[in-house]
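Atom set for the values below is all heavy atoms of this structure, side chains included, hydrogens, waters and symmetry mates excluded. Only a predicted model underlies this, so the values are computations on that prediction, with no experimental measurement involved.
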Amino acid sequence: MKSFTFCILLAHVLAFPLFAQKNAAAVTLNSAKAVTQSPKTVLMSELASDVRYFPLETTDNCLLGNECSIIYAGNSIIAGDAQTRSFYRFDKNGKFMNKIGRQGQGPEEYAVGLLFFTDPDNQKLYVQDFQDIICYGFNGKFLRRIPAPHLNMGTGAVDGQGSILYCDNNYFMRKDNPQQLFLIDENGKKLKIWKGYMEPGKKYGVNLSTRDVMYRYGGDIYFKPALENLIYKIDANRKKTLAWKFDCSGKDVDVSANEIDPGKRFQSIAVQQVFESDRYFFVLYVLKNDSFVGLYDKQKKSFSNVIIKDDLAAGFDFTLPGTGLGNQLANARMVGYLSKGKRYSKALLPERKKELDELINRLDEEDNPVMVVVLSLIHISEPTRLDVIS
C-alpha cells in the first residue's frame with residue numbers, strides 16, 4: 001500500500017493581466033494581522049464557474065512514490081518522483097503519456113534530478129544536474145545540456161523570450177559576493193546577475209525552513225527570496241522591481257534566532273507558494289505548526305486568510321499549494337484523503353458531483369494522486385479591460 005505524504009504542485013502562471021500596470025506601487029499584505037483572525041469561509045462558486053476531479057492514471061510504468069511534485073501545465077501534467085528521480089507526463093485529463101529523461105551519468109542523463117521546472121509554451125522540461133540544466137521535450141526527447149553556474153537547489157523559470165532565470169539558495173554562504181539570481185540564454189550564456197540581500201551581522205546556516213518561490217504572470221517572472229518578505233518582478237527588459245510586500249511585523253524571519261538552531265525553526269511566517277491570476281493573489285504560508293491560505297482580491301483590495309469550500313461539486317476544501325495556469329487553479333489530492341475527507345453538503349453542478357462520487361467509489365489506495373482543477377476564475381469587468389488570452 002502506497003501513501004502520499006508529500007505532494008506539492010509548483011507554480012507556473014502564464015496568464016496575461018486584465019490591466020496594464022505600469023510602474024504600479026507594491027501591494028502590502030498584512031500577514032501578521034491575518035494569522036490572528038479566524039479565516040473567512042469562501043465558496044468556490046464565488047471564485048470560479050467550474051471544477052474537475054480526475055485521477056492521474058496508474059500503470060506499472062507510472063506509479064508515483066511517497067514524495068512527488070506535480071506541475072499543472074494546461075495540456076500536460078508533469079510529475080517528478082523524488083524517490084526514484086523519475087519524471088512522468090500525463091495529458092490534461094490525467095492519461096499517462098510517457099516518461100521524460102533518465103537518471104544516470106550519460107551526457108543525456110541527469111545525476112541529481114530534484115529541482116525541475118517547465119516551459120509549457122514550448123513543451124520543455126528543465127532538470128537540475130549539479131552545475132548543468134538538462135532540457136527535454138515533453139515527449140521525452142533530450143534537447144540540450146545547459147551550463148548553469150551556481151545552480152544550487154533554488155528554483156527556476158523560463159521567461160517569454162526563452163531565457164532561464166534561476167537562483168542559488170545558498171548565495172549567502174559567499175559573503176564576499178552574494179550573487180543570488182542568474183539569467184542565462186538556452187546555451188548557458190550569462191545575460192544578467194542580481195545580488196541577494198544579507199542582513200548585517202546575521203549568521204546564516206545551510207538549511208533553511210523558508211524557501212525561494214518563483215512564478216510567471218503577465219509574461220513576467222516573479223521571485224520571492226526565502227529570506228525576504230518581498231516579491232520582485234523581473235520584466236521582459238530584465239528590470240527588477242518590487243511588486244508585493246508581506247507585513248510580518250513581529251513574526252519576521254530572524255536568521256540567527258530561527259534558522260541556525262533547528263529547534264527554533266518555523267517560528268516566523270514563511271511563504272511556501274504563490275499563485276496570481278487576473279483578479280486574485282493567493283499565498284500559502286506557515287507559522288509554527290499551522291498553515292494558512294491568504295487571498296487578496298485585486299478589485300476589492302482586501303486580504304484575509306480563507307477556507308475555500310467546494311460548493312460546485314460538493315467536494316473537499318481546496319487547500320492551495322499555489323499553482324495554476326492562466327485563470328485555472330490546480331491541486332493534487334492523496335487518494336486516502338479523498339476516501340476519508342469531509343465534503344461540502346451541496347453542489348451547484350450536479351453532474352460534477354456525480355463524477356466525483358463515481359471517482360471516489362472506484363479509487364484504490366495504491367492509485368496515483370487525483371488532480372483538482374478549478375476552472376474559469378472570475379474576472380474583473382471594467383471598461384479598461386484588455387483582451388484575455390486563455
Taking [Y]'s backbone N and O only, do any of them form a donor-acceptor pair with [X]'s side chain (distance below 3.5 Å, no angle check)?
| X | Y | value |
| --- | --- | --- |
| Arg52 | Val373 | no |
| Thr28 | Lys245 | no |
| Arg85 | Val112 | yes |
| Asn237 | Lys239 | no |
| Asn152 | Asn169 | no |
| Asn368 | Leu64 | yes |
| Gln180 | Asp168 | no |
| Gln128 | Gly113 | no |
| Ser339 | Val335 | yes |
| Asn187 | Lys189 | no |

Same apolar cluster (I L V M F W Y, side chains within < 4.5 Å links), [X]/[Y]:
| X | Y | value |
| --- | --- | --- |
| Met97 | Tyr72 | no |
| Val51 | Ile307 | no |
| Ile77 | Phe96 | yes |
| Val372 | Ile360 | yes |
| Leu348 | Val374 | yes |

So does [X] pair up with [Y], basic N to acidic O under 4.0 Å?
| X | Y | result |
| --- | --- | --- |
| Lys298 | Glu276 | yes |
| Lys224 | Asp212 | no |
| Arg362 | Asp367 | no |
| Asp247 | Lys33 | no |
| Glu355 | Arg352 | yes |

Using 0.5 Å steps for rounding, measure from the [atom1] atom of [X] to the [atom2] atom of [Y].
| X | Y | atom1 | atom2 | answer |
| --- | --- | --- | --- | --- |
| Leu181 | Tyr166 | CG | OH | 10.0 Å |
| Phe142 | Arg102 | CZ | CZ | 12.5 Å |
| Leu356 | Phe54 | CG | CZ | 13.0 Å |
| Ser304 | Gln37 | OG | CD | 8.0 Å |
| Tyr344 | Asp311 | OH | CG | 5.5 Å |
| Leu56 | Phe90 | CG | CZ | 4.5 Å |

Taking atom NZ of Lys192 as the centre, report whether more than 12 heavy atoms of other residues, nucleotides or ligands fall under 6.0 Å from it. yes

Atom CD of Gln105: over 12 foreign heavy atoms under 6.0 Å: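 Result for CD/Gln105: open.
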
Quick one: does [X]'s side chain get under 4.5 Å of [Y]'s, heavy atoms only?
| X | Y | value |
| --- | --- | --- |
| Phe318 | Val306 | no |
| Tyr285 | Ser31 | yes |
| Asp297 | Tyr280 | yes |
| Val127 | Ile100 | no |

Report the relative orientation of the aromatic rings in Tyr215 and Phe281; use parallel for angles under 30°, tilted for 30 to 60°, perpendicular for over 60°. perpendicular

Indicate the ring-plane relationship of Phe116 and Phe87, choosing parallel, tilted or perpendicular according to the 30° and 60° boundaries. perpendicular

Does the ring of Tyr232 carry Lys240 above it, NZ/CZ under 6.0 angstrom from centre and within 45° of its axis? yes

The single option from Leu338, Asp310, Asn331 passing side chain to side chain contact (heavy atoms under 4.5 Å, CB included) against Phe316: Leu338

Between Asp357 and Tyr53, is there a side-chain donor-acceptor contact under 3.5 Å, judged purely by atom types and distance? no

Show your working on side chain to side chain contact (heavy atoms under 4.5 Å, CB included) between Asn229 and Ile269 and close with a plain yes or no. CA-CA 9 Å; Asn229 293 317; Ile269 291 176; 5.6 Å; no

Applying side chain to side chain contact (heavy atoms under 4.5 Å, CB included) to Ile164 and Phe117, what does each step give before you reach the verdict? CA-CA 10 Å; Ile164 301 167; Phe117 52 94; 3.7 Å; yes

Are Tyr222 and Trp244 an aromatic pair, judged by ring center distance below 6.0 Å?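 Judged by ring-centre distance (under 6.0 Å), Trp244 and Tyr222 do not meet the cut-off.
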
